[in-house]
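Here is the structure we will look at.
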Amino acid sequence: MGVLNITPDSFSDGGRWLSGDKPDLDALRREADAMCASGARVLDVGGESTRPGAAPVSEQEELDRVLPVVEVLSAGCDAIVSVDTSTPAVIRAAADAGAGMLNDVRALRRDGALAAAAQTGLPVCLMHMQGDPATMQVEPSYGDVVGEVAEFLDQRATACRDAGIDAQRILLDPGFGFGKTLAHNMALLAGLSRLLDLGFPVLVGLSRKSMIAKLTGRDVGERLAGSISLALLAAERGASLLRVHDVAETADALRILAALKTVEKE
Ligand code: 9MG
């Protein structure tokens, strides 16, 4: 899953895909084509930054950023266009514009989001976050982080099914970096099998995140090796979908892992 943030303030690609306050559709089209040629099967389009401390945007602003991009990408691209949103009106409008998946860092907990998602019939990714983006990194705390994240995701999956979302259309995500310290993130990576035990495919987003800085001391533009290492570790532990900025490099690493797995099976 390639990341395309249509925001001025995302931590890694903030401002890259905007021309003034409008999405730069030509540049996005070229980047989407490059990501697909490199192996992306899903493109995740977001109009509101969820980095720690990010300010919320209005519904209209989110619609203005996301919808033209969904329309352009879903018309001429082999990949599924996913929309990273928590907002019911954006969920509905994105589905009408051709989106093929919903990615919600709030796991469809916003008022009306669950019903809106169910109405679209689209696959949904439910992510765990402790708190909200404005404050989530202020002393996150858990007794048993893996158990608590697993319990939360299990409850949200049940809520989705109760709302009419087919179990086969649900993905779960531990939400690396969302209300978690480095120790919490590492415990979740080590314990990924407990999330797989819930019976749904697991999506992970580790690309360029600050946990890499904590482990390696690298600035955001220098986290490729860390991102690929974490992507491989997550894939080996059973993650089905990796949300990444560097699609070509990650796809190469996954090809090597797949080749090894083929030999191991023989
Ligand atoms: C939008 N977004 C930013 N980081 C993310 C992550 O780790 N997972 C998912 N599902 N979405 C994310």
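Along the sequence shown, the residues carry numbers beginning at 1. Just so you know, these numbers use all the heavy atoms, side chains as well, and skip hydrogens, waters and symmetry mates. Ligands are counted one by one from 1 in listed order, and the atoms in each one are counted from 1 as well. Predicted, not measured: the structure shown is a model, and the values here were computed from it.
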Pull out every atom of ligand 1 sitting under 4.0 Å from any heavy atom of [X], numbered as shown with elements.
X	answer
L203	10 (N)
D84	1 (C)
V105	1 (C), 2 (N), 11 (N), 12 (C)

Centroid-centroid distance, H184 to Y142, less than 6.0 Å: yes

Pairing of D173 and R243 as salt bridge, 4.0 angstrom limit: no

Distance-only polar pair, side chains of D44 and N103, donor-acceptor under 3.5 Å: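 Yes, side-chain donor-acceptor contact under 3.5 Å.
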
To which protein heavy atom is [atom] closest, and what is the distance rounded to 0.1 Å?
atom	answer
atom 11 (N) of ligand 1	N103 ND2, 3.1 Å
atom 3 (C) of ligand 1	R243 NH1, 3.2 Å
atom 9 (C) of ligand 1	D173 OD2, 3.0 Å

Contact with ligand 1 for K209, non-hydrogen, under 4.0 angstrom: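 Heavy atoms of K209 do come under 4.0 Å of ligand 1.
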
Polar contact flag for D44 and ligand 1 (N/O pairs, less than 3.5 Å):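 Between D44 and ligand 1, no N or O pair is found under 3.5 Å apart.
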
L224 side chain reached by R218 side chain, heavy atoms, under 4.5 Å: no

Test applied, side-chain contact (heavy atoms from CB on, under 4.5 Å); reference residue, S86; option that passes from L108, D132, D104: D104

Transitive ILVMFWY side-chain link L260 to L233, under 4.5 Å: no

